[in-house]
*Asks:* 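What follows is a single structure, and I will ask about it in a moment.
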There are 2 protein chains.
Amino acid sequence: MNTVTDNRQGTLSDQVFWRIKEDIVTGVTPQGQKMGEAELAKHYDISRGPLREALQKLEAINLVVKAPHAGTHVVTLDAEKMREVYQMREAMEGFATRLATQVMSKNEINNLYRLLDQHEAGINDTGGKVYFQEEGDPDFHYYIFSKCGNVQLVNYLENQLYQLLRMCRHRTSRLPYRAEKALSEHRSIVDAINNRDAEFAEMLMRRHIQSSWKLVESMLSEQNQQ
Amino acid sequence: MNTVTDNRQGTLSDQVFWRIKEDIVTGVTPQGQKMGEAELAKHYDISRGPLREALQKLEAINLVVKAPHAGTHVVTLDAEKMREVYQMREAMEGFATRLATQVMSKNEINNLYRLLDQHEAGINDTGGKVYFQEEGDPDFHYYIFSKCGNVQLVNYLENQLYQLLRMCRHRTSRLPYRAEKALSEHRSIVDAINNRDAEFAEMLMRRHIQSSWKLVESMLSEQNQQ
DNA sequence: CATTGTCTTATTGTCAACAATATAACCAAA
DNA sequence: TTTGGTTATATTGTTGACAATAAGACAATG
């Protein structure tokens with residue numbers, strides 16, 4: 001189990017790291033917020049030692065930025081930074097998809113198809129679309145890139161990029177998300193994987209990510225005009 | 001200036017981080033070495049607080065691995081990990097080259113040509129080939145990917161991947177490096193950039209990295225047979 | 001002799017006080 | 001009024017002591 005993805009227990013610094021991370025990623029702690037050590041330590045009822053370690057871990061995954069002797073602030077995701085995050089994601093997750101296509105077992109591919117079926121079945125339930133957007137879609141992506149066979153790559157995607165991505169998503173919630181379109185793109189990707197067409201699977205994944213960026217981008221320019 | 005690439009001054013934890021990092025990357029500290037906190041703190045004449053922060057920074061760039069309550073060890077680069085590092089490098093630096101081709105200024109491209117000329121002029125000096133391998137080649141790669149226009153990508157390549165790469169290189173020093181071949185590949189890459197042929201530049205960069213991996217790989221299998 | 005359980009010990013995790021630094025508040029001079 | 005330097009204060013960086021944990025030594029039992 002992974003200390004970034006799930007660590008509600010363990011050392012104090014890990015626990016507090018996890019709690020602060022969730023607060024940042026879900027928008028409870030606003031972007032640009034000053035993270036005073038004394039204040040936070042008091043709030044989480046720990047001393048400044050482990051709290052500083054927690055902040056350092058947050059810095060390592062780019063959720064906060066530290067300035068020597070000046071303090072640490074929650075990162076501010078402007079349009080340019082978000083563009084960079086999606087650009088990175090397109091390249092790296094596309095590459096991971098290519099690799100996964102080459103090494104996934106038949107059994108794992110069947111699991112993917114089952115996952116698709118579940119998503120399609122649940123999408124018309126009450127709140128099914130929101131659930132798919134917030135849980136199903138990330139699950140799908142995670143399942144694929146976690147099978148790419150490159151630990152370095154998986155760690156980077158899971159611990160760094162996807163945390164920033166969740167932040168982007170929250171900053172642009174209420175976007176005109178079309179779950180049906182995303183789902184059909186998912187199925188095309190799995191079909192390409194099933195055909196062992198690595199190049200095509202990578203291309204489809206990249207386009208899938210591009211289209212979600214376009215959605216986010218249009219949302220951002222709308223916000224700018226207001 | 002960057003806290004991973006150059007930080008011989010600043011806070012104690014930064015200074016010691018930099019010193020330990022150099023020792024690990026250059027092989028002074030052997031792979032798998034136990035990093036006892038008390039011992040290290042005494043050696044660098046600081047207290048355990050900043051030393052722990054330094055170790056945490058090393059963990060963030062994958063040079064050491066920490067186990068809760070058990071201690072931290074220098075990472076051990078086996079053949080599989082090295083394969084992953086070169087695979088990541090091929091994908092990410094290739095992508096960075098593609099981006100750089102699209103946004104580099106004419107002036108920056110001219111700088112690249114000047115760099116090539118310097119390298120070609122110096123390669124026949126005494127120790128010129130070794131100098132090119134250890135300084136010139138990394139400079140060339142850094143100059144290109146630093147111009148890709150994606151801060152996230154540059155940071156990852158510079159602070160994480162290239163540190164591990166230096167470690168790989170040291171582990172396989174005395175490989176049959178052919179500076180002339182590398183240099184001509186460099187020139188081809190710059191030509192592709194100059195022609196604004198992003199796809200071709202990416203391909204050439206990927207092949208250039210592939211061939212250096214093949215060298216490392218053959219070295220590793222030789223070591224295995226002995 | 002092997003194995004299990006306890007205890008010791010070395011190491012890491014945590015804490016609270018102290019030192020160093022940067023921000024800002026303030027005053028003086030132009 | 002503005003600008004420049006000086007001081008005050010709040011915050012971060014650092015330290016050494018204390019607590020908690022895990023690995024190893026050792027003895028007792030089958």
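Naming: A, B, ... by sequence-line order, numbering from 1 per chain. Source: prediction; values computed, not measured.
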*Asks:* Which word best sums up how the rings of His141(B) and Tyr162(B) line up, parallel for under 30°, tilted for 30 to 60°, or perpendicular for over 60°?
*Replies:* tilted
*Asks:* Starting at the 5' end of DNA chain C, which residue's closest nucleotide do you reach first, Ala70(A) or Ala38(B)?
*Replies:* Ala38(B)
*Asks:* Please report, rounded to the nearest Å, how far the P atom of dG13(C) is from the CD atom of Gln15(A).
*Replies:*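 Roughly 13 Å, once rounded to whole Å.
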*Asks:* In whole angstrom, give the distance that lies between atom NZ of Lys42(B) and atom P of dG16(D).
*Replies:*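 Interatomic distance, NZ of Lys42(B) to P of dG16(D): 13 Å.
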*Asks:* Considering every strand and a 4.0 Å limit on heavy-atom distances, what is the contact class for Gly49(B): base, sugar-phosphate, or nothing?
*Replies:*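 Base contact.
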*Asks:* So Phe140(A) and His186(A), would you call those rings parallel, tilted or perpendicular, with 30° and 60° as cut-offs?
*Replies:*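 Ring orientation, 0 to 90° scale: parallel.
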*Asks:* What is the separation between atom CG on Leu12(B) and atom C1' on dA19(C), rounded to the nearest whole Å?
*Replies:*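 Nearest whole value for this atom pair: 11 Å.
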*Asks:* Roughly, in whole Å, what's the span from CD in Glu59(A) to P in dT12(D)?
*Replies:* 13 Å
*Asks:* Between atom CD in Glu53(B) and atom P in dT14(C), what is the gap in whole Å?
*Replies:*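 It works out to 14 Å between those atoms.
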*Asks:* As a test of reading the structure: which of dT12(C), dT14(C), dT12(D) is closest to the side chain of Ser47(A), going by heavy atoms?
*Replies:*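 Among the listed nucleotides, the one closest to the side chain of Ser47(A) is dT14(C).
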*Asks:* Rounded to the nearest angstrom, tell me the gap between atom CG in Asp45(A) and atom P in dT14(C).
*Replies:*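 Answer to the nearest Å: 13 Å.
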*Asks:* Which whole-number value in Å describes the distance from Arg48(B) CZ to dG13(C) P?
*Replies:* 8 Å
*Asks:* Could you work out which one of dT21(D), dC15(C), dA23(D) sits closest to the side chain of Pro50(A)?
*Replies:* dC15(C)
*Asks:* Does this structure show an ion pair linking Glu134(A) with Arg166(A), if we count only N-O contacts that are shorter than 4.0 Å?
*Replies:*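 Looking at Glu134(A) and Arg166(A), the cut-off is not met.
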*Asks:* Return the 5'-most residue of the pair Thr72(B), His69(A) with respect to DNA chain C, ranking by each residue's nearest nucleotide.
*Replies:* Thr72(B)
*Asks:* In whole Å, I'd like the distance from the NZ atom of Lys34(A) to the P atom of dT23(C).
*Replies:*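 Taking atom P of dT23(C) as the reference, NZ of Lys34(A) is at 10 Å.
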*Asks:* Filter on ring pair (Phe, Tyr, Trp, His ring centres under 6.0 Å), then keep only pairs touching residues 43-88 of chain B, sequence neighbours left out; what's left?
*Replies:*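 Checked against ring pair (Phe, Tyr, Trp, His ring centres under 6.0 Å) - neighbours excluded - the pairs reaching residues 43-88 of chain B are Tyr86(B)-Trp213(B).
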*Asks:* To the nearest 0.5 Å, how far apart are NZ in Lys147(A) and OG in Ser105(A)?
*Replies:* 8.5 Å
*Asks:* In terms of side-chain heavy atoms of Ser13(A), which of dG13(D), dT14(C), dC15(C) is nearest?
*Replies:* dT14(C)
